Amino acid sequence: MSSHIRRSMPLFPMGTVMKLTDLSARQIRYYEEHQLIQPERTDGNRRLFSLYDIDRLLEIKDLIDQGINMAGIKKILLDEKHFEPHQDSKEQGEEQKRNFTDEELRKLLRKELISAGRFHRNGHPYSERNRFFH
DNA sequence: GTTCTGACA
DNA sequence: TGTCAGGA
């Protein structure tokens, strides 16, 4: 009943988060600029990250490791609606009620990334690093 | 010693 | 993204 409160509690300073997520301070601050996380501040203007922020940064790292850029990441993390089951009309049967399979999730994400217009990396279409979407 | 913002030979 | 400056 208060898990949200606990997950949102400001706890860790930059140094701790860097080690926990294996991301540089530069990257973490950059993601904050892009509204992907919103850590609190101490009196001295030091950032205090919550468990929710850590979780969020870990997701971002996964996406980055897969070769997805800011545009794609923002599209995915900033718009939860992309993961809500679409209008599952009754004629579609219970087939549509089950959770997304990897195949479906892949198709959905690929579609979103393409629409985001930033599917490439360094000008190389279908980068070898983008294995998840092949 | 640690973190912050701004900036780029 | 790294890294340096100059301050807190």
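Lettering follows sequence order; numbering is per chain, from 1. All figures in this text were calculated on a predicted structure; none of them were measured in a lab.
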Whole angstrom value for the distance that separates [atom2] of [N] from [atom1] of [X]:
{"X": "R46(A)", "N": "dT2(B)", "atom1": "CZ", "atom2": "P", "value": "11 Å"}
{"X": "F12(A)", "N": "dT2(B)", "atom1": "CZ", "atom2": "C1'", "value": "17 Å"}
{"X": "K19(A)", "N": "dT2(B)", "atom1": "NZ", "atom2": "C1'", "value": "11 Å"}
{"X": "N45(A)", "N": "dT2(B)", "atom1": "CG", "atom2": "P", "value": "18 Å"}
{"X": "F49(A)", "N": "dT2(B)", "atom1": "CZ", "atom2": "C1'", "value": "13 Å"}
{"X": "L48(A)", "N": "dT3(B)", "atom1": "CG", "atom2": "P", "value": "11 Å"}
{"X": "D43(A)", "N": "dT3(B)", "atom1": "CG", "atom2": "P", "value": "17 Å"}
{"X": "M18(A)", "N": "dT3(C)", "atom1": "CE", "atom2": "C1'", "value": "12 Å"}

Note to self: Given dT3(B), dT1(C), dG2(C), identify the nucleotide with an atom nearest to the side chain of I64(A).
What the structure shows: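 Minimum distance to the I64(A) side chain belongs to dT1(C).
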
Item checked: Nearest to side-chain heavy atoms of P13(A), which nucleotide of dT5(B), dT3(B), dT3(C) ->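 Given the options dT5(B), dT3(B), dT3(C), the side chain of P13(A) is closest to dT3(B).
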
Checklist line | N/O (side chain, Y31(A)) to phosphate O (OP1/OP2, dT1(C)) under 4.0 Å | finding: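 For dT1(C), OP1/OP2 do have a side-chain N/O of Y31(A) under 4.0 Å.
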
Next item on the list: Establish, with yes or no, whether the OP1 or OP2 oxygen of dC4(B) is under 4.0 angstrom from a side-chain nitrogen or oxygen of R29(A).
Entry: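 Result: yes.
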
Notebook entry, point to check: Can you tell me how far the CG atom of D62(A) sits from the CD1 atom of I68(A), to the nearest 0.5 Å?
Noted result: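 Here the interatomic distance stands at 9.5 Å.
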
Notebook entry, point to check: CD of E32(A) to CZ of R56(A): how many Å apart, nearest 0.5 Å?
Noted result: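 E32(A) CD to R56(A) CZ: 13.0 Å, rounded to 0.5 Å.
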
Next item on the list: Consider only side-chain N and O atoms of R26(A) and Y30(A), and report whether a donor and an acceptor are under 3.5 Å apart.
Entry: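 No, no side-chain donor-acceptor contact under 3.5 Å.
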
Margin query: Go nucleotide by nucleotide along DNA chain B from the 5' end; which of M14(A) and R26(A) gets its closest nucleotide reached first?
Written below: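 Here M14(A) is the residue nearer the 5' end.
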
Checklist line | dA9(B): pairing nucleotide in any strand, Watson-Crick or G-U under 3.5 angstrom | finding: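 Base-paired to nothing in any strand shown.
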
Next item on the list: Can you tell me the pairing partner of dA8(C) across any strand shown, Watson-Crick or G-U wobble, with both distances under 3.5 angstrom?
Entry: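 Result: dT2(B).
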
Check: With a 4.0 Å cut-off on heavy atoms, is G15(A) in touch with a base, just the backbone sugar-phosphate, or nothing at all?
Finding: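 If one applies the 4.0 Å heavy-atom cut-off, G15(A) turns out to touch the sugar-phosphate alone, with no base involved.
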
Margin query: Students often get this wrong, so: under 4.0 angstrom with heavy atoms, is R47(A) touching a base, only sugar-phosphate, or nothing?
Written below: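 R47(A): backbone/sugar contact only, no base atoms under 4.0 Å.
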
Margin query: Looking at every heavy atom in both L57(A) and I28(A), which two are closest together, and how far apart are they?
Written below: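 L57(A) and I28(A) have their closest heavy atoms at CD1-CG2, 4.3 Å.
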
Notebook entry, point to check: Does a side-chain heavy-atom distance below 4.5 Å link M14(A) with F49(A)?
Noted result: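 With C-beta onward as the side chain, the pair touches.
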
